[in-house]
Amino acid sequence: MKFLSLKASHYAALLFSKRDLSFSSKTQLSKPPIQKTFFKSSSKDGLISRLCEDKKYKEAIDILCDQKRLREAVQLLNRIQRPSALIYSTLLQCCLKERDLEQGRRVHDHIRASGFVPGLFIFNRFIDMYAKCGSLGDAQKMFDEMPDKDLCSWNTMISGYAKVGPVDEARRLFDEMPERDNFSWSAMISGYVRQDRPREALEFYRMMQKSQTFKSNKFTVSSALAASAVVPCLRSGKEIHGYIMRTGLDSDEVVWSALMDMYGKCGSIEEARRVFDKMGNRDVVSWTAMIDRYFEDGRREEGFALFSELMSSGIRPNEFTYAGVLNACADHAAEDLGKQVHGYMTRLGFDPFSFAASALVHMYSKCGNIENAKRVFKGMPKPDLVSWTSLIVGYAQHGQPNRALQIFELLLKSGIKPDHVTFVGVLSACTHAGLVDKGLEYFSSIKSKHKLNRTADHYACIVDLLARAGRFEEAEKIINDMPIKPDKFLWASLLGGCRIHGNVELAKRAAEALFVIEPENPATYVTLANIYATAGMWSEVAKVRKTMDERKVVKKPGLSWIEIKREMHVFTVGDMSHPKYNVIHEFLKKISKRMREEGYVPDTNFVLHDVEEEQKEQNLSYHSEKLAVAFGIISTPPGTPVKVFKNLRTCVDCHTGIKFISKLVQRKIIVRDSNRFHCFENGSCSCGDYW
DNA sequence: TTAGGGTTAG
């Protein structure tokens, strides 16, 4: 399972941070400008009852809706003799906003029972509410029942089918429409964008441009820019930019944001920044988009610096902002910074129902602080599927796979339906626990019990599980019978299993498949060579190395990093550039001697080169995770846990070595590698040597 | 007095 994916650009950022290791002083976040808390407003019950006594129901309903007390607001209907259209409209709008279909239906029932005859306006509100609450059937029924339809009814239907439902159905309606206007066109374009069909969105945009009757406006260009960003297509984005400048649409801030975001997503980050700098009215969306584009581009320092600037600008961050920054913290395992962001969120107030809260669970989970992840999760009034899944994955990767499975069972009891990502977490928990048969059961339940389609990820997980356990025949049967094409993750898992069990023949097949899919990935060559090396097949090792040279494949450098006092220290294999290198080296030399006395024997199988044993041992002692662990130990007081992060999987020898180190120095050593967490304590590891 | 746009996670 892909856990920590570092793109080439991320490497650049990490390597850059070797020279300038700390988050710059600008990144030290300043004091928050606003002190305000959501969900702590004093109860307005007294006022509401007074208003009801005075029969001022509309005002009472307004307050209840404002406080998200929709159920009570709808209940008030029973006390009103003849509710006005305005009251129904307010309630429907609130149902729509809260996506509360149940209350929406209750309003509908009330209208039917009361004999109120809805006009066009209320009909349109109903269509909108039903469609956006996900009940397209009801929306369609209302639409068909309407005695008269206006352009707005048609547009509401189109925007509801295109937004949440099948966009092709919206297209059918669009074609059937007696007349169209700008709303109809923009609803279609944005619908295609939302349904992840950006090329068709652009096609629609061009069709509109070509038609003489309709002119593009700020709505259609923003959607078209979003479509260009998703493709991504810089050329069409630039074309739209030109159109915007020619037609004066650049007076709108949303258009500017869309423009900036498009440049960022099309890889022109500098151009995005130029647009951002030129913007007259930057709002929280434009700030958030710019910050996220930096993170996406691996420019962590700039992203955090801009976030810090936002915090002092007086503009209040929203859940998108928090989610973006927290995810960057999660990716870079920057827990201290993540905690700081959490502190700001608590002080400024954040919606515990929102995905900012789930981003917190994710951040703590991925940084290995499962206790905090659990604490945040427990504080959520209604944890969403993402939070549940984050916690499951967190436990799975943190050496408590059985706990992960317990959480999954609790999720099922809560009534929330798991999706395919949840099952990736569940299957990976089984893998980490070595629960092969249990994993097979879950795998089969995805389709039979939960009625979900099994994805390539699920197949990769199950093959991983079987291959690690050495059950290659079953793994091969699943591969042969699967209805979808095996992907690179599946073959890589199989190859990994072959490495553990020294299955040379199957390894060759898996590697061949990988060479077709991604000939540029050095990991395949390295693993295959290691399998040959373990089997003593040195001529084959040489062949693999030759192929690597011919195809100009370069081995991905192993990187480990450690955060000490909010400063990031990055190490590569045999790294001598760190200012404290001498002390680190001295420490490693001394501890190696004590490790041998305790019975440690270096495992030299996993060194690619066919060199003398002694030299191989030398190479191993310089692996980046050992350097980072050593630096962590010498830089912190005795007893402090050491937390190290690695971009690749940890090697067998380092794994054994760190077990010894944890015992000798009496420290808890946590290593997050590209696949999971290893928690070393007193000579053993939480993964139970299963990774 | 209804319908259309930009930031988003496991």
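Just so we're clear, the structure is a prediction, and the values are computed from it rather than from any experiment. In what follows, every chain begins at residue 1, and chains take the letters A, B, ... in the order their sequences are listed.
Using a 4.0 Å heavy-atom distance criterion, Leu385(A) is classed as a base contact. Contact annotation for Val221(A): no contact, since no heavy-atom pair falls under 4.0 Å across all strands. When heavy atoms are screened at a 4.0 angstrom cut-off, Arg194(A) is found touching the sugar-phosphate backbone but no base atom. Nucleic acid contact for Ser222(A): base, since at least one base atom lies under 4.0 Å from a heavy atom of the residue. Residue Asn124(A) is in base contact, counting any heavy-atom pair closer than 4.0 Å across all strands shown. Note on Ser89(A): nothing from the nucleic acid sits closer than 4.0 angstrom, heavy atoms only.
Salt-bridge annotation for Lys366(A) and Asp331(A): present, with a side-chain N of the basic residue lying under 4.0 Å from a carboxylate O of the acidic one. A salt bridge is defined here as a Lys NZ or Arg NE, NH1 or NH2 lying under 4.0 Å from an Asp or Glu carboxylate O, and Arg273(A) with Glu270(A) fails to meet this definition. Note on Glu169(A) versus Arg172(A): salt bridge recorded, some NZ/NE/NH1/NH2 to OD/OE distance being below 4.0 Å. With salt bridges taken as basic N to acidic carboxylate O contacts below 4.0 Å, none links Asp297(A) and Arg293(A).
One atom, CG of Leu391(A), and another, C1' of dA9(B), lie 15 Å apart when rounded to the nearest Å. When rounded to the nearest whole Å, the span between CG of Leu86(A) and C1' of dT1(B) equals 9 Å. In this structure, CE of Met177(A) is placed 12 Å from C1' of dG4(B), rounded to the nearest angstrom. For the pair Leu326(A) CG and dT8(B) P, the interatomic distance rounds to 14 Å; values are reported in whole Å. Summarising the geometry, the separation between CG on Asn155(A) and C1' on dA3(B) is reported as 5 Å, rounded to the nearest angstrom. In this structure, Met345(A) places its CE atom 13 Å from C1' of dT8(B), rounding to the nearest Å. Following rounding to the nearest Å, Leu225(A) (CG) and dG4(B) (C1') show an atom-to-atom distance of 15 Å. Rounding to whole angstrom units, NE2 of residue His420(A) and P of dG10(B) are separated by 11 Å.
Side-chain atoms of Asn217(A) stay outside donor-acceptor range of the base of dG5(B), with no qualifying N/O pair under 3.5 Å. One can find a donor-acceptor pair under 3.5 Å joining the base of dG6(B) and the side-chain atoms of Ser257(A). Side-chain atoms of Asp384(A) and base atoms of dG10(B) include no donor and acceptor less than 3.5 Å apart.
Checking dA3(B), dG6(B), dT8(B) against the side-chain heavy atoms of Arg125(A) singles out dA3(B) as nearest. Of the candidates dG6(B), dA9(B), dG10(B), the closest approach to any side-chain atom of Ser286(A) belongs to dG6(B). Considering only side-chain atoms of Ser190(A), the nucleotide from dG10(B), dG4(B), dG6(B) that sits closest is dG4(B). Here the nucleotide nearest the side chain of Thr288(A), chosen from dT7(B), dA9(B), dA3(B), is dT7(B). Distances were taken from every side-chain heavy atom of Ser223(A) (C-beta onward) to each of dA3(B), dG5(B), dG6(B); the shortest belongs to dG5(B). The side chain of Asp292(A) approaches dT7(B) more closely than any other nucleotide in the set dT7(B), dA9(B), dG4(B). For Val254(A), counting side-chain heavy atoms from C-beta on, the closest listed nucleotide (dG10(B), dG6(B), dA3(B)) is dG6(B). The nucleotide whose nearest atom lies closest to any side-chain atom of Thr389(A) is, among dG10(B), dT7(B), dG6(B), dG10(B). Side-chain atoms of Cys152(A) lie closest to dA3(B) of the nucleotides dA3(B), dG4(B), dA9(B). When distances run from any side-chain atom of Val285(A) to the nucleotides dG6(B), dA3(B), dG5(B), the shortest one goes to dG6(B).
Residue Lys265(A) places at least one side-chain N or O closer than 4.0 Å to OP1 or OP2 of dT8(B). Phosphate proximity of dG4(B) to Ser159(A): present, with a side-chain N or O under 4.0 Å from OP1 or OP2. In this model, the phosphate group of dT2(B) is not approached by any side-chain N or O of Lys132(A) to a distance below 4.0 Å at OP1 or OP2. Contact annotation: Arg293(A) side-chain N/O to dT8(B) OP1/OP2 distance is under 4.0 Å. Regarding contacts with the backbone of dA9(B), every side-chain N or O of His362(A) stays at 4.0 angstrom or more from both OP1 and OP2.
Side-chain contact check for Asp464(A) and Thr431(A): no donor-acceptor pair (N or O, by modelled atom type) lies under 3.5 Å.
Between Phe204(A) and Tyr192(A), the ring planes are tilted. Angles from 30° to 60° get that label.
By the criterion of a centre-to-centre distance under 5.5 Å and near-parallel planes under 30°, the ring of Phe219(A) forms no stack with the base of dG5(B).
Heavy-atom contacts from other residues, nucleotides or ligands closer than 6.0 Å to CG of Asn453(A) number 12 or fewer.
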